[in-house]
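Both counts, for ligands and for their atoms, begin at 1 and track the order of listing. Just so it is clear, the values below take in all heavy atoms, side chains as well, and ignore hydrogens, waters and symmetry mates.
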Amino acid sequence: MCKECYVDEKRITPLLNPFDCLENHTQYICGTCGRCICIEHDQNRGLQRWNFPFKSLEIAKLYLRTADYTTKKSCGIYEIKSKNGRLSYKIFEDCEDLRVYLRKNKGKICETMAPVFKVEGYEEYPNTQIRKLTSDEIQKYMSER
Ligand SMILES: [Zn+2]
Ligand SMILES: [Zn+2]
């Protein structure tokens with residue numbers, strides 16, 4: 001596992017429409033393994049990808065580094081259950097953040113109220129870059145997938 005971005009598949013992200021994401025969105029470029037993680041704020045609500053729910057814990061892990069980097073602390077991935085029993089995974093800064101979310105989303109619960117995954121001890125790394133890729137870099141990155 002990459003110590004900086006917590007994932008061992010160095011080119012797995014972006015998952016959907018990778019060219020579009022790499023071309024148009026600001027990326028967290030892991031200074032250790034080179035993986036690009038979308039860190040763009042959406043135009044409507046200013047939210048980043050990591051603010052939204054994920055279908056699986058594995059996918060949520062792909063984005064956890066951008067949450068930690070943005071908040072400058074160790075965020076946690078929490079398992080959220082909907083009324084219909086469906087599970088999703090959501091990243092929160094801490095338990096208080098989770099409580100606020102649950103108060104606003106009455107149909108949702110978190111059974112354990114504890115993170116299912118978290119990387120203790122937030123660290124910064126010297127070679128991290130936050131920017132859009134050049135078209136040459138996009139070609140290279142995609143050829144390495
Ligand atoms: Zn993107
Ligand atoms: Zn990495």
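The two residues Phe54 and Tyr63 have their closest heavy-atom pair at CE2-CD1, 3.4 Å.
Salt-bridge annotation for Arg35 and Glu9: absent, with no side-chain N of the basic residue lying under 4.0 Å from a carboxylate O of the acidic one. Under the 4.0 Å criterion applied to side-chain N and carboxylate O atoms, Glu111 and Lys81 are assigned as salt-bridge partners.
Judged by a 6.0 Å distance limit and a 45° cone about the ring axis, Lys72 is positioned over the six-membered ring of Tyr69. Figure legend: Lys108 and Tyr101 shown without cation-pi pairing, the cationic atom not lying both under 6.0 angstrom from the six-membered ring centre and within 45 degrees of its axis.
Protein atoms of type N/O/S that fall under 2.8 Å from the Zn ion (ligand 1) number 3 in this view.
Looking at residues two or more places apart in sequence or on another chain, you find a side chain to side chain contact (heavy atoms under 4.5 Å, CB included) between Met142 and Pro18, Phe19, Leu22, Ile138, Arg145.
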